[in-house]
A.B. asks: 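Structure below; questions to follow.
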Amino acid sequence: MPSADGPGCAAAVGERGEVVWEAGRGKADLATGRAITSGTVFDMASNSKQFTADAVLLLAVRHRLSLDDPLSDFLDDPPAWTREVTLGDLMRHTSGIPDYQDLLEAEGVGVTDPAGQSQAIAAVLASRPEEPPGRRFSYSNSNYVLLAHVVERVTGRPFPSFLQEEFFTPLHLRMTSAPAADVPGKAKSYDERDGAFTPESSPWKQYGDGSVQTTPGEMVRWADNYRTGRVGGLELLAGVTRGAVSVGDVLRGRGIEAGRYGAGMLLLPDNSLVHRGDWEQFHSTFKVSPDRNTAVTVVCNTDSPDHFRAANRLLSIWTG
(Lines give C-alpha, C1' and ligand atoms only; values in the text may rest on other atoms or scores of the structure.)
Protein backbone atom coordinates (compact mmCIF):
# COMPACT_ATOMS: atom_id res chain seq x y z
CA MET A 1 0.00 0.00 0.00
CA PRO A 2 1.44 3.42 -0.91
CA SER A 3 2.47 5.87 1.79
CA ALA A 4 0.17 8.78 2.49
CA ASP A 5 3.18 11.11 2.21
CA GLY A 6 4.51 9.97 -1.17
CA PRO A 7 3.01 9.42 -4.62
CA GLY A 8 0.23 6.87 -4.59
CA CYS A 9 -2.75 5.35 -6.32
CA ALA A 10 -6.46 5.77 -6.92
CA ALA A 11 -9.02 3.06 -7.63
CA ALA A 12 -12.67 2.68 -8.51
CA VAL A 13 -15.24 -0.07 -8.92
CA GLY A 14 -18.24 0.28 -11.20
CA GLU A 15 -21.38 -1.80 -11.55
CA ARG A 16 -23.49 -1.43 -14.68
CA GLY A 17 -22.18 2.06 -15.28
CA GLU A 18 -22.45 3.37 -11.72
CA VAL A 19 -19.44 4.02 -9.49
CA VAL A 20 -20.01 1.96 -6.33
CA TRP A 21 -16.65 2.52 -4.65
CA GLU A 22 -13.64 4.77 -5.17
CA ALA A 23 -10.67 5.82 -3.09
CA GLY A 24 -7.26 7.42 -3.29
CA ARG A 25 -4.11 7.41 -1.20
CA GLY A 26 -0.87 9.35 -1.47
CA LYS A 27 0.04 12.64 -3.08
CA ALA A 28 -0.88 13.87 -6.52
CA ASP A 29 1.71 16.66 -6.24
CA LEU A 30 4.57 16.45 -3.76
CA ALA A 31 5.51 20.12 -4.20
CA THR A 32 2.10 21.39 -3.10
CA GLY A 33 1.06 18.45 -0.92
CA ARG A 34 -2.10 17.98 -2.98
CA ALA A 35 -3.63 14.63 -2.09
CA ILE A 36 -4.87 11.97 -4.49
CA THR A 37 -8.68 11.87 -4.35
CA SER A 38 -11.44 10.33 -6.42
CA GLY A 39 -11.32 13.47 -8.57
CA THR A 40 -7.62 13.24 -9.39
CA VAL A 41 -6.92 12.89 -13.13
CA PHE A 42 -4.28 10.47 -14.39
CA ASP A 43 -2.75 9.64 -17.74
CA MET A 44 -4.29 6.27 -18.66
CA ALA A 45 -1.38 5.49 -21.00
CA SER A 46 -2.05 2.33 -23.03
CA ASN A 47 -5.50 1.96 -21.52
CA SER A 48 -6.29 4.60 -24.16
CA LYS A 49 -5.89 1.97 -26.90
CA GLN A 50 -9.40 0.63 -26.36
CA PHE A 51 -10.85 4.00 -27.42
CA THR A 52 -8.75 4.00 -30.59
CA ALA A 53 -9.81 0.46 -31.42
CA ASP A 54 -13.45 1.28 -30.79
CA ALA A 55 -13.18 4.38 -32.99
CA VAL A 56 -12.03 2.15 -35.85
CA LEU A 57 -14.76 -0.39 -35.10
CA LEU A 58 -17.35 2.40 -35.09
CA LEU A 59 -16.23 3.46 -38.56
CA ALA A 60 -16.42 -0.17 -39.67
CA VAL A 61 -19.99 -0.39 -38.34
CA ARG A 62 -20.78 2.70 -40.43
CA HIS A 63 -19.12 1.09 -43.49
CA ARG A 64 -16.52 3.82 -43.70
CA LEU A 65 -13.70 1.27 -43.66
CA SER A 66 -13.02 -2.45 -43.22
CA LEU A 67 -10.51 -4.19 -40.97
CA ASP A 68 -9.35 -6.01 -44.11
CA ASP A 69 -8.34 -2.72 -45.75
CA PRO A 70 -4.59 -2.33 -46.28
CA LEU A 71 -2.81 0.46 -44.44
CA SER A 72 -1.63 1.81 -47.80
CA ASP A 73 -5.19 2.95 -48.59
CA PHE A 74 -4.88 5.65 -45.94
CA LEU A 75 -1.41 7.01 -46.75
CA ASP A 76 0.04 9.42 -49.28
CA ASP A 77 2.88 7.77 -51.26
CA PRO A 78 2.76 4.59 -49.12
CA PRO A 79 5.81 2.34 -48.77
CA ALA A 80 5.33 -0.98 -50.56
CA TRP A 81 5.16 -2.97 -47.31
CA THR A 82 2.06 -1.08 -46.16
CA ARG A 83 0.05 -2.89 -48.85
CA GLU A 84 0.49 -6.12 -46.87
CA VAL A 85 -0.54 -4.72 -43.47
CA THR A 86 -4.27 -4.56 -42.77
CA LEU A 87 -6.09 -2.43 -40.22
CA GLY A 88 -6.90 -5.68 -38.41
CA ASP A 89 -3.18 -6.41 -38.16
CA LEU A 90 -2.65 -3.01 -36.55
CA MET A 91 -5.54 -3.47 -34.13
CA ARG A 92 -4.41 -6.93 -33.00
CA HIS A 93 -0.65 -6.14 -32.93
CA THR A 94 0.16 -8.63 -35.67
CA SER A 95 1.65 -6.11 -38.11
CA GLY A 96 5.28 -6.83 -37.23
CA ILE A 97 5.94 -3.07 -37.25
CA PRO A 98 8.59 -1.95 -34.74
CA ASP A 99 7.65 0.40 -31.91
CA TYR A 100 7.99 4.07 -32.80
CA GLN A 101 9.45 4.76 -29.38
CA ASP A 102 12.44 2.56 -30.22
CA LEU A 103 12.68 4.06 -33.70
CA LEU A 104 12.75 7.63 -32.41
CA GLU A 105 15.31 6.80 -29.76
CA ALA A 106 17.47 5.16 -32.46
CA GLU A 107 17.31 8.51 -34.28
CA GLY A 108 18.57 10.23 -31.15
CA VAL A 109 15.18 11.54 -30.04
CA GLY A 110 14.85 10.76 -26.33
CA VAL A 111 11.67 10.91 -24.28
CA THR A 112 12.80 14.27 -22.89
CA ASP A 113 13.04 15.73 -26.42
CA PRO A 114 9.99 17.14 -28.25
CA ALA A 115 8.37 14.69 -30.67
CA GLY A 116 4.89 14.77 -32.15
CA GLN A 117 2.47 12.50 -33.99
CA SER A 118 3.82 13.24 -37.48
CA GLN A 119 7.39 12.59 -36.37
CA ALA A 120 6.41 9.20 -34.95
CA ILE A 121 4.52 8.22 -38.10
CA ALA A 122 7.42 9.32 -40.33
CA ALA A 123 9.80 7.13 -38.33
CA VAL A 124 7.45 4.16 -38.67
CA LEU A 125 6.98 4.56 -42.42
CA ALA A 126 10.74 4.87 -42.90
CA SER A 127 11.15 1.48 -41.25
CA ARG A 128 9.60 -1.82 -42.24
CA PRO A 129 7.99 -4.80 -40.44
CA GLU A 130 10.41 -7.02 -38.60
CA GLU A 131 8.46 -10.09 -39.76
CA PRO A 132 5.60 -10.81 -42.19
CA PRO A 133 2.27 -9.30 -41.09
CA GLY A 134 -0.25 -11.66 -39.55
CA ARG A 135 2.32 -14.14 -38.31
CA ARG A 136 2.17 -13.52 -34.55
CA PHE A 137 1.28 -11.06 -31.78
CA SER A 138 3.99 -8.48 -31.12
CA TYR A 139 2.89 -5.47 -29.09
CA SER A 140 3.83 -2.17 -30.71
CA ASN A 141 2.61 1.34 -29.97
CA SER A 142 3.14 2.17 -33.66
CA ASN A 143 0.02 0.20 -34.54
CA TYR A 144 -2.29 2.50 -32.61
CA VAL A 145 -0.64 5.74 -33.66
CA LEU A 146 -1.29 4.58 -37.23
CA LEU A 147 -4.91 3.69 -36.41
CA ALA A 148 -5.47 7.21 -35.06
CA HIS A 149 -4.12 8.52 -38.35
CA VAL A 150 -6.55 6.27 -40.24
CA VAL A 151 -9.47 7.70 -38.24
CA GLU A 152 -8.36 11.22 -39.11
CA ARG A 153 -7.95 10.37 -42.78
CA VAL A 154 -11.40 8.74 -43.04
CA THR A 155 -13.32 11.36 -41.06
CA GLY A 156 -11.40 14.54 -41.80
CA ARG A 157 -11.59 15.31 -38.07
CA PRO A 158 -8.80 15.56 -35.48
CA PHE A 159 -8.63 12.29 -33.60
CA PRO A 160 -9.10 13.84 -30.12
CA SER A 161 -12.21 15.64 -31.39
CA PHE A 162 -13.59 12.40 -32.84
CA LEU A 163 -13.27 10.67 -29.45
CA GLN A 164 -14.88 13.62 -27.71
CA GLU A 165 -17.81 13.87 -30.09
CA GLU A 166 -18.47 10.17 -30.65
CA PHE A 167 -17.67 8.65 -27.25
CA PHE A 168 -16.99 11.03 -24.38
CA THR A 169 -19.85 13.48 -24.91
CA PRO A 170 -22.62 10.95 -25.75
CA LEU A 171 -21.65 8.83 -22.74
CA HIS A 172 -21.30 11.89 -20.47
CA LEU A 173 -17.71 11.01 -19.62
CA ARG A 174 -15.29 13.53 -18.13
CA MET A 175 -12.38 12.51 -20.31
CA THR A 176 -10.03 14.17 -22.73
CA SER A 177 -7.51 12.96 -25.26
CA ALA A 178 -4.71 15.42 -24.70
CA PRO A 179 -1.08 14.24 -24.75
CA ALA A 180 1.30 16.07 -22.44
CA ALA A 181 -1.51 18.43 -21.52
CA ASP A 182 -1.84 20.48 -18.37
CA VAL A 183 -5.20 18.99 -17.44
CA PRO A 184 -6.82 20.55 -14.35
CA GLY A 185 -6.61 18.27 -11.34
CA LYS A 186 -4.05 15.96 -12.95
CA ALA A 187 -1.52 14.11 -10.82
CA LYS A 188 2.17 14.49 -11.46
CA SER A 189 4.31 11.48 -12.30
CA TYR A 190 7.27 10.52 -10.09
CA ASP A 191 10.27 8.28 -10.54
CA GLU A 192 11.49 6.63 -7.34
CA ARG A 193 15.19 5.95 -6.74
CA ASP A 194 16.66 5.02 -3.40
CA GLY A 195 13.60 6.30 -1.61
CA ALA A 196 13.64 9.71 -3.30
CA PHE A 197 10.97 10.86 -5.76
CA THR A 198 11.76 12.93 -8.85
CA PRO A 199 9.10 14.35 -11.19
CA GLU A 200 9.08 12.57 -14.55
CA SER A 201 7.38 13.96 -17.63
CA SER A 202 7.87 13.85 -21.38
CA PRO A 203 7.06 16.43 -24.08
CA TRP A 204 6.17 13.66 -26.56
CA LYS A 205 2.71 14.30 -28.01
CA GLN A 206 1.62 11.13 -29.75
CA TYR A 207 -1.94 9.86 -29.48
CA GLY A 208 -3.91 6.78 -30.36
CA ASP A 209 -1.55 4.56 -28.39
CA GLY A 210 -2.12 6.67 -25.27
CA SER A 211 -3.08 10.21 -24.16
CA VAL A 212 -6.53 9.74 -22.59
CA GLN A 213 -6.65 11.69 -19.32
CA THR A 214 -9.31 10.90 -16.74
CA THR A 215 -10.09 9.44 -13.31
CA PRO A 216 -10.56 5.76 -12.37
CA GLY A 217 -14.24 6.49 -11.70
CA GLU A 218 -14.81 7.70 -15.25
CA MET A 219 -13.03 4.64 -16.62
CA VAL A 220 -15.38 2.25 -14.83
CA ARG A 221 -18.34 4.28 -16.04
CA TRP A 222 -17.00 3.96 -19.60
CA ALA A 223 -16.69 0.19 -19.12
CA ASP A 224 -20.47 -0.17 -19.24
CA ASN A 225 -20.34 0.38 -23.00
CA TYR A 226 -18.85 -3.12 -23.16
CA ARG A 227 -22.17 -4.34 -21.71
CA THR A 228 -24.68 -2.07 -23.41
CA GLY A 229 -23.09 -1.13 -26.72
CA ARG A 230 -24.73 2.25 -26.29
CA VAL A 231 -22.13 3.62 -28.70
CA GLY A 232 -21.60 1.31 -31.63
CA GLY A 233 -24.24 -1.28 -30.82
CA LEU A 234 -23.90 -5.05 -30.77
CA GLU A 235 -21.82 -5.02 -33.92
CA LEU A 236 -19.11 -2.97 -32.23
CA LEU A 237 -19.21 -5.23 -29.16
CA ALA A 238 -18.76 -8.30 -31.36
CA GLY A 239 -15.79 -6.63 -33.00
CA VAL A 240 -13.98 -6.22 -29.67
CA THR A 241 -13.19 -9.94 -29.53
CA ARG A 242 -13.73 -11.08 -33.13
CA GLY A 243 -10.47 -12.36 -34.60
CA ALA A 244 -8.60 -11.99 -31.30
CA VAL A 245 -5.13 -13.55 -31.50
CA SER A 246 -3.21 -15.51 -28.90
CA VAL A 247 -0.53 -13.55 -27.07
CA GLY A 248 1.17 -16.72 -25.84
CA ASP A 249 3.54 -15.92 -23.00
CA VAL A 250 4.41 -12.44 -24.28
CA LEU A 251 2.65 -10.53 -21.48
CA ARG A 252 3.04 -13.07 -18.69
CA GLY A 253 6.02 -11.21 -17.23
CA ARG A 254 3.78 -8.16 -16.76
CA GLY A 255 1.35 -10.04 -14.53
CA ILE A 256 -1.18 -10.88 -17.24
CA GLU A 257 -2.16 -14.46 -17.91
CA ALA A 258 -2.09 -15.80 -21.44
CA GLY A 259 -5.09 -14.68 -23.41
CA ARG A 260 -6.16 -13.32 -26.79
CA TYR A 261 -5.73 -9.74 -27.96
CA GLY A 262 -8.66 -8.20 -29.80
CA ALA A 263 -9.64 -4.57 -30.24
CA GLY A 264 -7.48 -2.71 -27.75
CA MET A 265 -8.32 -5.25 -25.03
CA LEU A 266 -6.98 -8.60 -23.87
CA LEU A 267 -9.61 -11.33 -23.57
CA LEU A 268 -8.70 -13.73 -20.75
CA PRO A 269 -9.68 -17.41 -20.62
CA ASP A 270 -12.50 -16.62 -18.14
CA ASN A 271 -13.97 -14.11 -20.66
CA SER A 272 -12.94 -11.05 -18.66
CA LEU A 273 -11.34 -8.08 -20.42
CA VAL A 274 -8.15 -6.44 -19.19
CA HIS A 275 -5.50 -3.96 -20.26
CA ARG A 276 -2.56 -2.26 -18.63
CA GLY A 277 -1.04 1.14 -19.24
CA ASP A 278 2.45 2.46 -18.53
CA TRP A 279 3.75 5.89 -19.55
CA GLU A 280 6.13 8.17 -17.70
CA GLN A 281 5.47 6.83 -14.18
CA PHE A 282 1.73 6.47 -14.61
CA HIS A 283 0.72 2.81 -14.30
CA SER A 284 -2.85 1.61 -14.68
CA THR A 285 -4.91 -1.57 -14.81
CA PHE A 286 -8.43 -1.69 -16.23
CA LYS A 287 -10.50 -4.86 -15.96
CA VAL A 288 -14.08 -5.84 -16.84
CA SER A 289 -15.80 -8.93 -15.42
CA PRO A 290 -16.78 -11.89 -17.61
CA ASP A 291 -20.46 -10.89 -17.47
CA ARG A 292 -19.53 -7.24 -18.23
CA ASN A 293 -21.50 -6.00 -15.21
CA THR A 294 -18.52 -4.96 -13.07
CA ALA A 295 -15.35 -3.04 -13.83
CA VAL A 296 -12.34 -1.88 -11.87
CA THR A 297 -9.57 0.61 -12.51
CA VAL A 298 -6.42 1.11 -10.46
CA VAL A 299 -3.89 3.78 -11.44
CA CYS A 300 -0.74 5.07 -9.72
CA ASN A 301 1.57 8.03 -10.27
CA THR A 302 4.73 6.11 -9.44
CA ASP A 303 5.81 2.57 -10.19
CA SER A 304 3.72 0.16 -8.15
CA PRO A 305 4.05 -3.62 -8.43
CA ASP A 306 0.65 -4.05 -6.81
CA HIS A 307 -1.76 -2.21 -9.14
CA PHE A 308 -2.56 -5.28 -11.25
CA ARG A 309 -2.97 -7.50 -8.20
CA ALA A 310 -5.12 -4.83 -6.53
CA ALA A 311 -7.41 -4.67 -9.56
CA ASN A 312 -7.85 -8.43 -9.53
CA ARG A 313 -8.56 -8.37 -5.81
CA LEU A 314 -11.15 -5.61 -6.11
CA LEU A 315 -12.93 -7.40 -8.92
CA SER A 316 -13.04 -10.65 -6.97
CA ILE A 317 -14.49 -8.84 -3.93
CA TRP A 318 -17.32 -7.28 -5.92
CA THR A 319 -18.10 -10.31 -8.05
CA GLY A 320 -17.88 -12.84 -5.21
Side-chain angles (χ1 to χ4, degrees), residues 1-48 50-51 168 171-176 183-192 197 199-200 210 212-227 254-256 265 272-320:
M1 178 176 291
S3 164
D5 297 323
C9 304
V13 178
E15 288 188 335
R16 299 172 72 88
E18 297 294 331
V19 178
V20 295
W21 178 86
E22 55 189 340
R25 182 178 174 86
K27 301 298 184 185
D29 187 334
L30 296 181
T32 65
R34 177 165 56 92
I36 293 173
T37 69
S38 60
T40 300
V41 173
F42 294 83
D43 191 323
M44 291 297 156
S46 285
N47 269 308
S48 308
Q50 58 197 281
F51 297 99
F168 303 159
L171 295 173
H172 306 289
L173 298 171
R174 295 186 298 275
M175 294 183 171
T176 184
V183 178
K186 184 178 176 179
K188 295 186 180 299
S189 162
Y190 292 94
D191 183 35
E192 187 273 328
F197 294 101
E200 180 175 321
V212 170
Q213 319 283 333
T214 192
T215 67
E218 292 302 288
M219 283 296 292
V220 299
R221 291 184 60 240
W222 147 253
D224 203 44
N225 202 63
Y226 288 110
R227 179 182 67 88
R254 300 181 69 194
I256 294 177
M265 293 294 287
S272 60
L273 298 172
V274 68
H275 210 287
R276 288 183 53 160
D278 302 280
W279 175 241
E280 298 172 344
Q281 288 300 324
F282 292 108
H283 304 279
S284 59
T285 297
F286 172 83
K287 193 167 187 179
V288 185
S289 64
D291 63 7
R292 307 292 183 261
N293 286 326
T294 309
V296 299
T297 302
V298 178
V299 60
C300 306
N301 63 337
T302 193
D303 193 17
S304 170
D306 296 329
H307 63 93
F308 185 77
R309 185 173 64 182
N312 282 337
R313 179 59 176 157
L314 283 171
L315 191 60
S316 67
I317 290 172
W318 254 266
T319 59

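Just so it is clear, the values below take in all heavy atoms, side chains as well, and ignore hydrogens, waters and symmetry mates.
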A.B. asks: Shortest non-hydrogen contact from N301 to K27?
C.D. replies: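 Residues N301 and K27, closest heavy atoms: ND2-O, 3.0 Å.
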A.B. asks: Show every donor-acceptor pair shorter than 3.5 Å between a side-chain atom in residues 12-21 and any protein atom, with sequence neighbours excluded, or say none if there are none.
C.D. replies:
from : atom 1 : to   : atom 2 : distance (Å)
R16  : NH1    : N293 : OD1    : 3.0

A.B. asks: Of all residues at least two apart in sequence or in a different chain, which pass the salt bridge (charged side-chain N to carboxylate O under 4.0 Å, His left out) check with R174?
C.D. replies: E218
A.B. asks: Got a sec, which residues hit side-chain hydrogen bond (donor to acceptor under 3.5 Å, both in side chains) with S284, two or more places apart in sequence or on another chain?
C.D. replies: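 Expected list: N47.
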A.B. asks: Not counting sequence neighbours, which residues clear salt bridge (charged side-chain N to carboxylate O under 4.0 Å, His left out) with R292? List them please.
C.D. replies: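 With sequence neighbours excluded, R292 shows a salt bridge (charged side-chain N to carboxylate O under 4.0 Å, His left out) to no residue whatsoever.
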A.B. asks: Check side chain to side chain contact (heavy atoms under 4.5 Å, CB included) between A10 and all other residues, then give those that pass, not counting sequence neighbours.
C.D. replies: I36, F42, P216
A.B. asks: Going by side-chain hydrogen bond (donor to acceptor under 3.5 Å, both in side chains), name the residues that satisfy it together with W222, two or more places apart in sequence or in a different chain.
C.D. replies: Q50
A.B. asks: What residues form a side-chain hydrogen bond (donor to acceptor under 3.5 Å, both in side chains) with T176, not counting sequence neighbours?
C.D. replies: none
A.B. asks: Using salt bridge (charged side-chain N to carboxylate O under 4.0 Å, His left out) as the criterion, list what pairs up with D224, not counting sequence neighbours.
C.D. replies: R227
A.B. asks: My understanding is that only residues two or more places apart in sequence, or in another chain, count here; which of them pass side chain to side chain contact (heavy atoms under 4.5 Å, CB included) with A45?
C.D. replies: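 Side chain to side chain contact (heavy atoms under 4.5 Å, CB included) list for A45, sorted by chain: D43, W279.
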A.B. asks: Could you list the residues that satisfy side chain to side chain contact (heavy atoms under 4.5 Å, CB included) with T319, not counting sequence neighbours?
C.D. replies: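 If we apply the side chain to side chain contact (heavy atoms under 4.5 Å, CB included) test to T319, skipping adjacent residues, the hits are S289, T294, L315.
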A.B. asks: Using side chain to side chain contact (heavy atoms under 4.5 Å, CB included) as the criterion, list what pairs up with P290, not counting sequence neighbours.
C.D. replies: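 Partners of P290 by the side chain to side chain contact (heavy atoms under 4.5 Å, CB included) criterion, ordered by chain and then number, come out as D270, N271, S272.
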A.B. asks: Please enumerate all residues that pass side-chain hydrogen bond (donor to acceptor under 3.5 Å, both in side chains) together with T285, with sequence neighbours excluded.
C.D. replies: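 Once residues adjacent in sequence are excluded, the partners of T285 under the side-chain hydrogen bond (donor to acceptor under 3.5 Å, both in side chains) criterion are H307.
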